[in-house]
Amino acid sequence: MGSFYLSTPIYYASGEPHLGHAYTTILADVLARYHRRAGDDVLFLTGTDDHGQKIQEVAEEQGLTPLELCDRMAERFQAAWDDLGISNDRFIRTTEPEHKAVVGALLERLYDNGFIYESEYVGWYSVGQERYFTEKEIGPDRVDPIAGGPVTKIREKNYFFKMSLFQDRLIEQIEKNPEWIVPATRRNEVLGFLNQPLEDLSISRPRSRIHWGIPIPWDPDQVTYVWVDALTNYVTASGAIDPEATKDRRGFGDPLPSRWPCDVHLMGKDIITTHAVYWPTLLMGANLALPRKILAHGWWVVGDTKMSKSLGNVVDPLALRDRFGTDAVRWYLMREMVTGQDASYTPERFLTRYDELRNIFGNLAHRTLSMIKRYRAGTVPAAPSGGLAVETAAAVAAYRRALDGYRLHEGFAAAMDLARAANGFVETQEPWALAREPEGADELDRTLATLARTLVVLACLFEPVMPARAAELGRRLGLANIPLFEELDGMDVSGRAVRVGTPLFPRVDLG
RNA sequence: GCCGGAGUAGCUCAGUUGGUCAGAGCAGCGGAAUCAUAAUCCGCGUGUCGGGGGUUCAAGUCCCUCCUCCGGCACCA
C-alpha cells in the first residue's frame, strides 16, 4: 500500500466558487479516489486563502471583519465541494493558528539561512484603488484597469527573498526531470521564463497599508505577502514542520515524519509560475524537498474566448447538475477535456457525452440487470464469468496506465470502450435466444455471470469520476462496497441478488 | 518583438522511434435484433493529413519556407 498526497490551490476567499475552482477540485477528487481504489493511503488537500488586501477591502464593503468574510466564504466553498461530491481529507485555511505558525517558522528559516533582505519595492500604485497594479494590468497607457485613473511609480519598504540565487538549481531540476512539470507545453514555458534572469521575490508589505496578513516574525510592521503565506499551506498540511520546536528541530532540512513531499500539486495554468518557480525556490531556501509533480491544467473556453463574467459569456456546465446530476457533469468535465489542455464547452458536446453515458453504460447496466431478473429471478448465476476476460484485462490495464500518467480522458475512454465491448457481447450471445432453448441454459448462465462481473469492473473504473452512480450500481449488484483494483481478479459475483431499479442516467427531456 | 504549440473525414479529435497510419467517436445512410432508457449491434468515409519545396527506396510522421490560429513572456488565487 502506497501513499499519495495531492493538493489543489487554496482558493482566494474574496469571491464565489466557480467552474475554474470546480474543475481543479474535481480533477483532484478523481485522482484521489483513483488512488484510494488502488489501495493508496491518500491525503487530498484543498482549502481557502484567507489573507490579503482584496479580502480586507471586500470585508469592509460588506461591513464584516475580514475573518467573518472568510468564515462565510470558506463555508461556501465547502458547501460547493459537498455538492460536487468532493472527498477532500483536509480543508485548510491560512487563518488557522497552525498555518500561521508554520509560515512564521518558514520565514525564520529563510531569514536564518540568509535568503531574506530588506529593500524597496517599486511598483505602479493607484491612489484611487489603493493598490499596486502589474505592468500587464495597467497596459501601455499606464492607467488603473478598474477605474481608468492614474497610476504612479512609488517605493515602499519590503522584504525580499533571494529567489535569483536558485535559478540554476531550478533549471537543472526541470531539465533533469522531464515529467516534473506537466504537460510539456507548460514545462517549456517555465524554462522559457527562466531564460531571463530571475529577480528576487517581494514577500512582505507594510502593515500600515495591509493589516490583514501574517506578521513577519522579526518585524511586526510588515506582513507576509501572498506567496509565502499561501503556498506554504502545502507544507503545513503535510505535518513536516513543528513550529513549536526549537529552531534546529522544526523539520527543515530534516523533515519530521510527515506526508511531505507532496506527490502532485494541481492548478490552473494561470498560476504555473508561482507553483513551478516561486514555490520550489522557497522550498530550496528552506531546505525542504520539492513536490514530486506539478500539473497545470487548461481552461474551459466558450467558443474561442476565455470564460469570463465581464464578457457575459458564462455558460456554466455546473448549472447542468440540476437536470443531469452531479456525476454526469463530472463525467463531462473529465471526459471532454484532454487533461492539461484547454477545452471548449458547448451544450451540444455535453449532450453527446451524456448520451454516451446513458446509452452505452447506463443501458448496459439496465439491460443486464433486467435480464438477470427476467431469466434468473434476479440472482447472478453461479457460472464461469470469464467471457470478456481479454477485453476486461486490456481495459483495466489501459485505464490504469492512463490515470497513472494523468491522462484521465484516455482512461475513462478505455472504461467506456469496455462497456461498448460488453454491449457487443450481449448482441453476440443473444441471451434472449438462449433463454428460449433448454440446452442454452448453461451458456445463458455464463453470459449473465460475465455481464454481471463486467458491471462490477465498470463500477470500479467509473467510481473515481462518478462516485454516486457507481455506488448505486454497486448496491444494485448486491455489493457492500465497490472493489479495489487488486480485488477485481478474484471477484466472484455468483449468487448475488440484484435489483433493476430506475435507469442510472435517465433520459432528460429538454425544453 | 521574443519563445513555444497547433492546423488530419461535416463536428471533436487519435495517430510512439518515418514503411497496412489514412483512423476513432459523434452526426448521416443502410441493415440486424428485441434483453434494455426508441436504448443496442453490424456495414458504409474518393479526407490534397494547412500551402510550397526538400531528404529518403519510403513522410501527417524528418528538414526548410510561407499562411492561419493559439499560448507564454513574473509578484494577479
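Just so it is clear: chains get the letters A, B, ... in the order the sequence lines come, proteins before strands, and each one is counted from 1. Hydrogens, waters and symmetry mates are skipped; everything else that's a heavy atom, side chains included, is used.
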> Once you apply a heavy-atom cut-off of 4.0 Å, does A:Asp200 come out as touching a base, just sugar-phosphate, or nothing?
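Base, at least one base atom sits under 4.0 Å.
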> For B:U16 and B:C26, measure between their P atoms and round to the nearest Å.
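Their P atoms lie roughly 23 Å apart.
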> Measuring only the C1' atom in each nucleotide, how far is B:G30 from B:G72? A whole number of Å is fine.
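It works out to 50 Å between them.
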> Is the side chain of A:Gln429 donor-acceptor paired with the backbone N or O of A:Arg446 at a distance under 3.5 Å, no angle test?
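Between the backbone of A:Arg446 and the side chain of A:Gln429 there is no qualifying donor-acceptor contact (under 3.5 Å).
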> Just do the ring pair (Phe, Tyr, Trp, His ring centres under 6.0 Å) check on A:Phe166 and A:Phe161 with the steps written out, would you?
CA-CA 10 Å; A:Phe166 301 94; A:Phe161 166 60; 5.7 Å; yes
> Report the C-alpha separation of A:Asn158 and A:Ser204 in whole Å, then their side-chain angles, then the decisive distance to 0.1 Å, and conclude whether the side chain to side chain donor-acceptor pair (under 3.5 Å) test is met.
CA-CA 5 Å; A:Asn158 278 188; A:Ser204 76; 4.6 Å; no
> With the 90 degree cut-off around zero defining syn, does B:G23 come out syn or anti?
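B:G23: anti glycosidic orientation.
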> What is the distance, rounded to the nearest whole Å, between atom NZ of A:Lys269 and atom C1' of B:A77?
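It is 16 Å, rounded to the nearest whole Å.
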> Is A:Glu356 touching bases, backbone alone, or none of the nucleic acid, heavy atoms closer than 4.0 Å?
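The residue A:Glu356 makes no contact with any strand.
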> Can you identify which nucleotide, out of B:C75, B:G25, B:A74, has its nearest atom closest to the A:Leu198 side chain?
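Closest nucleotide among those given: B:A74.
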> Would you classify A:Pro17 as touching base, sugar-phosphate or nothing, given that sugar-phosphate means primed atoms plus P, OP1 and OP2, and contacts are heavy atoms under 4.0 Å?
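Since no nucleic acid heavy atom lies under 4.0 Å of A:Pro17, the category is nothing.
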> In whole Å, I'd like the distance from the CZ atom of A:Arg353 to the C1' atom of B:C11.
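Rounded to the whole Å, the gap is 12 Å.
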> Would you classify A:Tyr225 as touching base, sugar-phosphate or nothing, given that sugar-phosphate means primed atoms plus P, OP1 and OP2, and contacts are heavy atoms under 4.0 Å?
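It contacts sugar-phosphate atoms only.
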> Using whole Å, what does the distance between atom P of nucleotide B:A24 and atom CZ of A:Phe412 come to?
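It works out to 24 Å between those atoms.
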> Just compare B:G25, B:G71, B:C75 and give me whichever is closest to any side-chain atom of A:Glu189.
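Among B:G25, B:G71, B:C75, the one nearest the side chain of A:Glu189 is B:G71.
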> Taking A:Arg358 first and then A:Asp355, would you say they form a salt bridge - that is, a charged N and a carboxylate O separated by under 4.0 Å?
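A salt bridge links A:Arg358 with A:Asp355.
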> What is the separation between atom CG on A:Asp417 and atom P on B:G23, rounded to the nearest whole Å?
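Nearest whole value for this atom pair: 18 Å.
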> Nearest whole Å is fine: how far is B:C3 P from A:Arg187 CZ?
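Rounded to whole Å, this separation is 19 Å.
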> Can you tell me if A:Gln56 uses its side chain to pair, donor with acceptor, with the backbone of A:His211 under 3.5 Å?
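Answer holds: yes.
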> A cation-pi test, strictly: NZ or CZ of A:Arg205 under 6.0 Å from the centre of the six-membered ring of A:Tyr225 and no more than 45 degrees from its axis. Yes or no?
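Here A:Arg205 passes the 6.0 Å and 45° test against A:Tyr225.
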> Tell me the stems RNA chain B sits in, counting at least three consecutive Watson-Crick or G-U wobble pairs, each under 3.5 Å on both distances.
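The stems that RNA chain B takes part in, listed by first number, are B:1-7 with B:67-73, B:10-13 with B:23-26, B:28-32 with B:40-44, B:50-54 with B:62-66.
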> When the P atoms of B:U61 and B:C70 are considered, how many whole Å apart are they?
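Each nucleotide's P atom is 24 Å from the other's.
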> For A:Arg155, does the CZ atom have more than 12 heavy-atom neighbours from other residues, nucleotides or ligands under 6.0 Å away?
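Not more than 12 within 6.0 Å, no.
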> Start at the 5' end of RNA chain B and walk down; is the nucleotide closest to A:Gly192 or to A:Gln341 reached first?
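Taking each residue's closest nucleotide, the earlier one in sequence belongs to A:Gly192.
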> Determine the Euclidean distance between corresponding C1' atoms of B:U65 and B:C29; express it in Å to zero decimal places.
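Rounded to whole Å, the distance is 43 Å.
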> Write down the distance separating the P atoms in B:G4 and B:G45, rounded off to the nearest Å.
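To the nearest whole Å, 41 Å.
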> Rounding to the closest angstrom, what is the interatomic distance between B:G53 and B:U46 at atom P?
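Their P atoms lie roughly 25 Å apart.
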> Counting only heavy atoms not in A:Glu179, do more than 12 fall under 6.0 Å of its CD?
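Incorrect, the count does not exceed 12.
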> May I ask you to check whether A:Phe324 and A:Trp331 place their ring centers less than 6.0 Å from one another?
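Between A:Phe324 and A:Trp331, the centre distance exceeds or equals 6.0 Å.
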> When you compare B:C69 with B:G28, how far apart are their C1' atoms, in angstrom units rounded to a whole number?
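Result for the C1' pair: 29 Å, nearest Å.
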> For A:Val226, answer base if it contacts any base atom (sugar-phosphate contacts may also be present), sugar-phosphate if it contacts only those atoms, and nothing otherwise; contact means non-hydrogen atoms under 4.0 Å.
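A:Val226: backbone/sugar contact only, no base atoms under 4.0 Å.
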> Between A:Tyr12 (side chain) and A:His51 (backbone), is there a donor-acceptor pair under 3.5 Å?
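Answer holds: yes.
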> Scan A:Leu290, A:Thr232, A:Ile271 and name whichever one has a side chain to side chain contact (heavy atoms under 4.5 Å, CB included) with A:Trp279.
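Of A:Leu290, A:Thr232, A:Ile271, side chain to side chain contact (heavy atoms under 4.5 Å, CB included) with A:Trp279 is met by A:Thr232 alone.
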> Which is true for A:Met73 with a 4.0 Å heavy-atom rule: it touches a base, it touches only sugar-phosphate, or it touches nothing?
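No contact.
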> Taking protein heavy atoms under 4.0 Å as touching, what does nucleotides 33-45 of chain B look like 5' to 3' if B marks base contact, S marks sugar-phosphate-only contact and - marks none?
SSBBB-SBS----
> Give the rounded distance in Å between these two atoms: CE of A:Met416 and P of B:A24.
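Distance check: A:Met416 CE to B:A24 P gives 19 Å.
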> Rounding to a whole Å, what distance do you find between A:Leu194:CG and B:G4:P?
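A:Leu194 atom CG is separated from B:G4 atom P by 15 Å.
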> Nearest whole angstrom, please: distance from the C1' of B:C75 to the NE2 of A:His275.
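Value for this atom pair: 14 Å.
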> Which is more 5' along RNA chain B, the nucleotide nearest A:Tyr11 or the one nearest A:Phe193? Just name the residue.
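Closer to the 5' end of RNA chain B: A:Phe193.
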> Roughly how far apart, to the nearest Å, are B:G52 and B:G60 at atom P?
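Comparing P positions in B:G52 and B:G60 gives a spacing of 13 Å.
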